[in-house]
Each structure stands twice: as structure tokens, then as C-alpha cells.
2 protein chains.
Amino acid sequence: MRQRDENKIQGIREKAIEMITNEGLENFGINKLAKAAGVSPATIYIYYKDKDDLITQISVDEGMRMCAAILEGFDPEMTFEEGLWIQWKNRAKYSLNNQEGASFYEQLRNSTYREKMVKAIHDEMGKKAGPFMKNAIERGEINDITIEVFWSVAIAPLYSLVRFHQEGHCFKDRIFVFSEKIMKETFDYVIKALKK
Amino acid sequence: MRQRDENKIQGIREKAIEMITNEGLENFGINKLAKAAGVSPATIYIYYKDKDDLITQISVDEGMRMCAAILEGFDPEMTFEEGLWIQWKNRAKYSLNNQEGASFYEQLRNSTYREKMVKAIHDEMGKKAGPFMKNAIERGEINDITIEVFWSVAIAPLYSLVRFHQEGHCFKDRIFVFSEKIMKETFDYVIKALKK
DNA sequence: TTTTTAAATGAGCGAACGCTCACTTATCTT
DNA sequence: AAGATAAGTGAGCGTTCGCTCATTTAAAAA
């Protein structure tokens, strides 16, 4: 039998992310995607049940890629400061090297697809981030806090920084540019907040 | 001449927010909106140039309402801690009393409408938040930092907390519930991070 | 009361939508 | 070489989309 053309599948995936990022989820359509990816509309339905399934699958897939990128070289047994810093660096690297994927993920995380895409990612992250936080508390490095407060203080600031960069945020004619120096400065505030 | 029915205009606005929040921007349509609001599709075009204009106008409007809510009782001359705490309380109150508006705002802020809606809001907030930060630096309450780092450390954690609440975030069968106690706990970390 | 003005309408246009089906193409097994 | 299987296609279906227009309705101006 004839075998699948992996280039075709990847092409569909990449064009979908590109189109949703640049034109928005509300302007995304199967006929347009088929034309952009150079395939027949019917081909898309070989790989995806329907439009909803396509968006959901690609969302989860991109989320998993982000998770894998963030956790690269990370170990829950690491020191609190060391482990958190690795996650920060990884997350920044992912966004900078994969702008479209990062914007796509952020747009869908704030859409009605959130519920469909978040569970798998949440489980994947929780598997390592949960023990990491627990270890840091048991070792007496940080106070005993709930995971949501931890995330809000330790991770949210980084996401915010990355977003300012991606948006090309402008304040008084000065465009914000992300840098390791800025990231380290922000990281130091976070460490100061959480370390006993 | 006949005068405009303000209830009709408000009805269109509210139904639009309701529909976009619950069904997503990608499933939002003028014909559906007209039916839901109990008006003719043609009526909508008396008030809005086209679909894009409707979404943009309602986005900016909701953003301005949020700004006004956040800055209620706030003064840039306030102490750093006092001023920041008021903004936190106001922002939390806005989200809790106006869940649909808050979700709507968040969804559009992460869509391709971001550029169209953000400028007016950014200006409105910057007018008071800029001097506030500057005062706090001049008084020696906090270090001299760029506005993006400030926002990421001082405000982003609150947005994150509110979002966990709105999403009904769940970790190990425990649903996260926002409370003043949790907010104060998080706020204290932020103050510890930023205060000299 | 009549005239004037703009709000408000419902039917419906052309275009675009998600999706399907009869069919062709490529590669496997025999 | 022939048969089997699944990948891949393009035309086009029924539906919904954004939007318009001829018309009606209500209230201000005369």
C-alpha cells in the first residue's frame, strides 16, 4: 500500500500554526489551509476528524513541545534556584526560537480550546514541577505555598516578560527587547520574594 | 426624528460579550448576535461599520471599563505599597464582579485584535501608573527598574491568580478558589521582592 | 395635522464555509 | 504482472456567513 507523506502532514501542521498566528483563529479555515499547504481539502480529513479536531490536536502537540523544551535538562531534585533558573532559560529559548509556536499556544490558551488542550500539558508539567516544589519546601528553601501562588510568583513574571518582547511592547518610544540581563534581573526579584 | 433605543445598543454589546466569551471569537457571527439580541442584522450596522469594527469598539470599551475599575480610588502620589494594593484589590473585584467582561478582555488581548484594542488602554493606564512607579523610585521605596520588569513582577502574579480562579484550576482534585487571604499572601511576596 | 428625519426591519444576495464522494495514484504483497 | 490497499485529489454539496436594500415605524419639527 501507499505510505503517508510525512512532509505533507508537517506542512499542514506548520501552515495551520502560521495562519492562526498571523490571521487569527477567527479567520482560519480548512479550504484556505489546504490551499496554503498545497494539498486538497479532503487530504486534511485523512489526518483529522474535523476542523475542531485539527485545532485541538495541533494545540496539544505544540503544548507538549513547549513542555519538553521547558523541562530539558531539568531535574526535580535540583536546588530551588537552579531548577527554576533552568526552566526560565528554557522557556525563554523556546519562545525566541519558535515565535509562531509560542504565539499560537498563547492565543489558544486564551480561547475556548483551553479546556481541550490544557489537561495533557498540565499533567506533563505537574509530574515534574509538583515534586520540585515539594522538595524545595521540605529542604526549607521556600515557604509552604499552594501551587497556584507558586506559579503566579515564580513563573508568571517570566511569561509576562516574554510577552512584552513578542508584542514589541513600546513605552515612551522605547521598544522593549528581551535579554538575558533583563531576565536575570527579574529572576533575582522572584528569588528574593520566595527564598526564606 | 426618532431617537435611538439605548437598551438595544446595550443589549447588542452585552450579548456580543456573552457570546464571544462562551462560544469563542471563532464562532461569533453577526446573524447569530442579531438573533440573540432580538434585533435585525441591519440594526447592528447602524451602530457599527462592520463586524471588525464591532469587535474592536466593544474590546476598547471593555478595556476602558477595566482601567476605570482598577484606578478607582488610586492616586499616583500614594505610597508604593498602598497604591499597588489598591490596584490589586480593584482588579480582583473587577474580575469577580464581571467574569464575562474579564474573560472577554483576556481572550481578545491574546487575539489578532490586540493591537487595535491595547493602545487606548495602555495610554490610559500609563498616564497614572508611570508617575506612580517614578514616585516610588524617587522616594527610594523600590529600585530603579523598567516598566516591563515592574509590571512582570508587581502585576503579572495577580493576573495569574485571577486566571487560575476563573479557569477553575484543579490540582490533585483540589479546585483553586480565589480569596483575599490568598491575594494578600501573594501580594506580600511581591512586596518582599520589590521593596528595598 | 402634516412633513421630515432617522431608527429599525426582514428578506435575501453573493461569497465563503466545512466537509464529502467518486475517483486517481502510488506502493505494498502475491 | 496483477491485485490489494490506502494515500491523495478536485469538483462541488448544502449551509452559513457578512452585509445590503427597499420598506416601515416612531418621534421631532413645521
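Every chain is numbered from 1, with letters handed out A, B, ... down the list of sequences.
Of the listed residues (A/Arg163, A/His165, A/Arg174), just one forms a side chain to side chain donor-acceptor pair (under 3.5 Å) with B/Glu148, and that residue is A/Arg174. Of the residues listed (A/Thr56, A/Ile55, A/Leu54), the one engaging A/Tyr48 in a side-chain contact (heavy atoms from CB on, under 4.5 Å) is A/Leu54, and it is the only one.
One finds no side-chain N or O of B/Lys32 lying less than 4.0 angstrom from the OP1 or OP2 phosphate oxygen of D/dT16. Note on A/Arg2: every side-chain N or O is 4.0 Å or more away from OP1 and OP2 of D/dT5.
We find that B/Glu62 and B/Arg109 are not joined by a salt bridge, their nearest charged nitrogen and carboxylate oxygen being 4.0 Å or further apart.
Distance NZ (A/Lys51) to P (D/dT16): 14 Å, rounded to an integer number of Å. For the pair B/Ile30 CD1 and C/dA16 P, the computed distance is 17 Å after rounding to whole Å. Going from atom CG of B/Asn27 over to atom P of C/dA16 covers 20 Å, rounded to whole Å. At whole-Å resolution of the value, CG in B/Asn7 and C1' in C/dA8 are 15 Å apart. In this structure, A/Ile46 atom CD1 and C/dC23 atom C1' are separated by 13 Å, rounded to whole Å. Remark: C1' of D/dT16 and CG of A/Asn31 are 13 Å apart, rounded to the nearest angstrom. Atom P of nucleotide D/dT9 and atom NZ of A/Lys35 are separated by 14 Å, given to the nearest angstrom. Computed from coordinates, the A/Lys49 NZ to C/dC19 C1' distance equals 12 Å when rounded to whole Å.
The listed nucleotides are C/dG10, C/dC19, D/dT25; the one nearest the side chain of A/Pro41 is C/dC19. In this structure, the nucleotide among D/dA28, C/dT20, D/dG8 sitting nearest to the side chain of B/Gln3 is D/dA28. Considering only the side chain of B/Lys8, C/dT9 comes nearest among C/dT9, C/dC17, D/dG8.
Of all the heavy atoms in A/Val177 and A/Ile182, the pair that sits closest is O-CG1, 4.4 Å.
A donor-acceptor contact under 3.5 angstrom links the side-chain atoms of A/Ser40 to the base of D/dG10.
Between B/Phe132 and B/Phe80, the ring-plane angle classifies as parallel under the 30° and 60° cut-offs.
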